[in-house]
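Here's the structure, in structure tokens; my notes come after.
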Amino acid sequence: MEYNFREIEQKWQSFWKNNNTYKTEIDQLKPKYYVLDMFPYPSGAGLHVGHPLGYIASDIFSRYKRLKGFNVLHPMGYDAYGLPAEQYAIQTGQHPAVTTKKNIARYREQLDKIGFCYDWNREIRTCEPDYYRWTQWAFIQMFNHYFNTKLQKAQSIESLVKIFETNGTAEIHTSCTEELNFTAGEWKSKTEKEQQEILLNYRIAYLADLKVNWCSALGTVLANDEVSEGVSVRGGHPVEQRVMRQWSLRVSSYAQRLLDGLNTIEWTESLTETQKNWIGRSEGAEMTFNIKDRDFNFEVFTTRADTIYGVTFMVLAPESELVKQLTTVEQATAVENYVAATKKRTERERIADRRVSGVFSGSYAINPVSGTEIPIWISDYVLAGYGTGAIMAVPAHDSRDYAFAKYFNLPVIALIEGCDVSEESFDAKEGIMMNSGFLNGLTVKEAIQKAKEYISEKGIGRVKVNFRLRDAIFSRQRYWGEPFPVYYKDELPYMLDESKLPLELPEIDKFLPTEKGEPPLGRAQNWETEDHFPLELNTMPGFAGSSAYYLRYMDPKNDKALVSKEANQYWRSVDLYIGGTEHATGHLVYSRFWNKFLFDLGLVCEDEPFKKLVNQGMIQGRSNFVYRIKDTNTFVSLNLKDQYETTAIHVDVNIVSNDVLDTEKFKNWNPEYKNAEFVLEDGKYHCGWAVEKMSKSMYNVVNPDDIVEKYGADTLRLYEMFLGPLEQSKPWDTNGIDGVHRFLKKLWTLFYKEDTLIVNNETPGAEELKILHKTIKKVTFDIENFSYNTSVSAFMICVNELFTLKCSKKQILEPLTILIAPFAPHIAEELYHILGNEDTVCDAVFPICDEEYLKETAVKYPISFNGKVRFMLELPADMSKEDVERIAMANEQTLKYLEGKSPKKVIIVQGKIVNIVL
RNA sequence: GCCCGGAUGGUGGAAUGGUAGACACGAAGGACUUAAAAUCCUUUGGCUUCACGGCUGUGCGGGUUCAAGUCCCGCUUCGGGUACCA
């Protein structure tokens, strides 16, 4: 009987489905394990061969854990809201729900072919009302809470109101949009509207006038992580800064906890670093500078308080409030012109064009330590949004300040002994201080510390921590997203009652903004509450639905809560999360924030949502080229192309095999090539190749369906893992898949010789047991370390060795079958049944390595001289060091290599190597 | 600029400081076959030798060590992230 993968895979896929093999339920008797994939956005293009890489890896781990006796939760769903479906809707009029549904069906079909062990009973879609009512619900909770900075946790807004009523703002510890000051009496005398407006200043979900990233091409604002280098991440459209009244989430208040949490989870170093940088904690000092001849002062933030004696000017951001206050009458026109000019430039232009520019304000500040007068300038290299929007400039030790000083001819005072600032600034935090009064003679590090203490003592400033992390803009002027559970009364936002959830997305006639420029929801009929209050027209951003989906999988059908206490107590958090690095600063920040918020409310029992995270590498494309001789329809094979003048043309990789072109298929591929002629080498047309992004335009997209059709799902699974280390980016190269397929066929031949089952019950010998247990040991270790490429090779070695021994013994083959089941579940299930089992291999027991079988009786010692191996010497494994040395030294080959000299030293590493030093 | 990760045969890639190149692809030769496919066997880093063998070899230059692809220092180079963040 041949290895008929088509029949086998179909048979077991329906068996698993019919038997609910992958249905998961709470089982208090078993330890739980939660394995999660980053759920996909179902795009119209379907899956290419790169997408399943992470899914296969997590599938292997899930199956492995199950075989190890864990109750494994391994769910899948769809991140179904998103821009592409809406853009497509605008172009075609096709409702995004329809497109999305269709795409999901296609994804599911493709996923099913690969034989994943997902519990589809738990499937979720972020665009379904049953799901997004909990996204809306979470938003309401955020609206109803504020962040207590002293306790570092969220607390109810009612409790804040109580504080206002008794003490005003005197002793509050909160995150807020701007610092407000009022007494209890003042609070009580305010109108309802005024109070509500004030509370928005503290709520975790708040509405405020903010400087936002506006993308006119997409017609919406974007969060910081959705913008890169001044253009939108999706689509690459220009983004400009605008002030708009928008919903935001006070993510920044969780900055410290988001940072601290990173130490409690097992993520890769690079991802942890990326998040740390994104959060951007910087410890420094906020210092107050008085203005010369005026009763006015302002604050700057600096991490280099030690350089206070080197401040030769100050700089304000053009958008800063201080500009107005500090501009003198004489400078007014110049400043106005400058501010107007900067306003016109987009973020992108400012990034692209780094020419130094600025204008003098006319005012002078007084150095609070040295007492010198310092001119105050205005320049766009200072950002309004960071720190206080004003800096003290130390040109000697900051390259940006240096460039500015040189351009405007401002003085540069070096503060570190021996540094040369004639050509560039000295930015390093090292050396001995000079020209710095009480700091002279200290190292920079000591000086930073001393300066901070000094300014605190003298009341000049205070130690301050700043974060780069900004709040998340949460409004989108789009249709295809979660509606906000918000209505407006007297222009102020109010939350719908939870009983009104879900607030369903209404139908509209066109997926475009209204004539008045309102978001698309402005087109909806009767978009108002029962009491005729208008509902919010914005929708939530893409990351809303993905922020708590891992919790919903624990209890997906619950209509009373996002997740029940019981389910959350049992499944707790994700033990293993697999996905790409592209979510490092978006989803992985937002969902950690979201989870921490729910944790503060006592609704989830773990502070961090994802315990361990593994990033699979990106699968790049591998393109093939043909070479057309100029002005002809003749194509020349790769190694002959230099004899002609040719143009390289992308050719569909699916009509190329091992870089050899199927010339007949090529002629049919494109009418243009119908009469193509070829200059061959050895009768073959060899194509060139290059690694590029996998995309339609490069003709290098490989569809997993085609691989499954040709080789089967098990071959696809094994081959994707065999390609290389999971975390490494690598090109997809179908060359080589034959080797993996051959391996499965070879495994099959251990069971069948032609049509006869040749498995027997003979007792295995020491050698066979050693092969088996060596493989168990290696594969177990590799799975635990996500080194799947080497486990595949371990399987190959094992089967090759058993094949050489002609071993078809059940006692060897059965454990091997279980061992390989996580990787190649279909063939494993078939073989497991062939061996006489009736239940599924998924519930077998993972074999355990018995070290007894691995014991070697003899060791082949490499005998090396000065580190160079010269020959091998087989000796008993338990032979003592002394005996090994004695025998090695007496060996006649040793004598030959000694050339009569006596060795200086002999190193024996027992069981490993002998090194003779001459 | 800063941070992180790489660089090993024709190719993908293996190697707790201890025989570099496992495993696989490709290639070459052979067996079976009328032929092809499939399968099986042999060879396969480079140079050198009839051969035994020898020399050389993990991006470059140093170093530590009995022993370095692996550890340390300094470069080159390719990816990824991030940025007038004070």
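By convention in this document, chain letters (A, B, ...) are assigned in the order of the sequence lines, proteins followed by strands, and residues within each chain are numbered from 1.
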R622(A) NZ/CZ over W689(A) ring centroid, <6.0 Å and within 45° of normal =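 Here R622(A) passes the 6.0 Å and 45° test against W689(A).
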K806(A) NZ/CZ over F803(A) ring centroid, <6.0 Å and within 45° of normal =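 That pair qualifies as a cation-pi contact.
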Without hydrogens or angle criteria, can the side chains of Y386(A) and S282(A) be said to hold a donor-acceptor pair below 3.5 Å?
->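 Judged by distance alone, the side chains do pair up.
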Residue pair D401(A) / Y381(A), side-chain donor-acceptor N/O under 3.5 Å =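 A pair is found: one side chain offers a donor N or O, the other an acceptor, under 3.5 Å apart.
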Is there a side-chain contact between [X] and the phosphate of [N], meaning an N or O under 4.0 Å from OP1 or OP2?
| X | N | answer |
| --- | --- | --- |
| Y386(A) | A86(B) | yes |
| Q728(A) | G13(B) | yes |
| R400(A) | G1(B) | no |
| Y897(A) | G54(B) | yes |
| R304(A) | C85(B) | no |
| N800(A) | C23(B) | no |

Proximal nucleotide (of [options]) relative to the [X] side chain:
| X | options | value |
| --- | --- | --- |
| K905(A) | A14(B), G12(B), C66(B) | C66(B) |
| S270(A) | C4(B), G18(B), A22(B) | C4(B) |
| K746(A) | A86(B), C66(B), C40(B) | C40(B) |
| K745(A) | U39(B), C40(B), G18(B) | U39(B) |
| R468(A) | C23(B), C85(B), G18(B) | C85(B) |
| P725(A) | G13(B), G18(B), A15(B) | G13(B) |
| S282(A) | A86(B), G18(B), A14(B) | A86(B) |
| K730(A) | G13(B), A24(B), C25(B) | G13(B) |
| V382(A) | G18(B), A86(B), C4(B) | A86(B) |
| V909(A) | U19(B), G18(B), C85(B) | G18(B) |

Report yes or no: is there a donor-acceptor pair, N or O only, under 3.5 Å between the side chain of K912(A) and the base of U16(B)?
->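 Yes.
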Spacing of [X] atom [atom1] relative to [N] atom [atom2], expressed in whole Å:
| X | N | atom1 | atom2 | value |
| --- | --- | --- | --- | --- |
| E801(A) | A22(B) | CD | C1' | 11 Å |
| D380(A) | A83(B) | CG | C1' | 15 Å |
| L271(A) | C4(B) | CG | P | 15 Å |
| F722(A) | A24(B) | CZ | P | 7 Å |
| E424(A) | G1(B) | CD | C1' | 11 Å |
| Y711(A) | A38(B) | OH | C1' | 13 Å |
| L316(A) | A86(B) | CG | C1' | 13 Å |
| R622(A) | G10(B) | CZ | C1' | 12 Å |

Using a cut-off of 4.0 Å on non-hydrogen atoms, how would the nucleic acid contact of [X] be classed: base, sugar-phosphate, or nothing?
| X | value |
| --- | --- |
| M872(A) | base |
| R870(A) | sugar-phosphate |
| N658(A) | sugar-phosphate |
| L723(A) | sugar-phosphate |

Closest nucleotide of RNA chain B for P862(A) versus for A384(A): which of these residues is on the 5' side?
->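 With P862(A) and A384(A) compared, the 5'-side residue is P862(A).
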Where each residue is assigned the nucleotide of RNA chain B containing its nearest heavy atom, which of A794(A) and K868(A) is assigned the position nearer the 5′ end?
->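 Result of the comparison: A794(A).
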Consecutive Watson-Crick or G-U pairs in runs of at least 3, all under 3.5 Å, in which RNA chain B is involved |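 Output for stems: B:1-7 with B:76-82, B:10-12 with B:23-25, B:26-31 with B:39-44, B:45-48 with B:53-56, B:59-63 with B:71-75.
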Are K770(A) and E856(A) within salt-bridge range, i.e. N to O under 4.0 Å?
->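 Yes, this pair counts.
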When rounded to the nearest Å, what value does the distance between P atoms of G46(B) and C73(B) take?
->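 Straight-line distance between the two P atoms is 35 Å.
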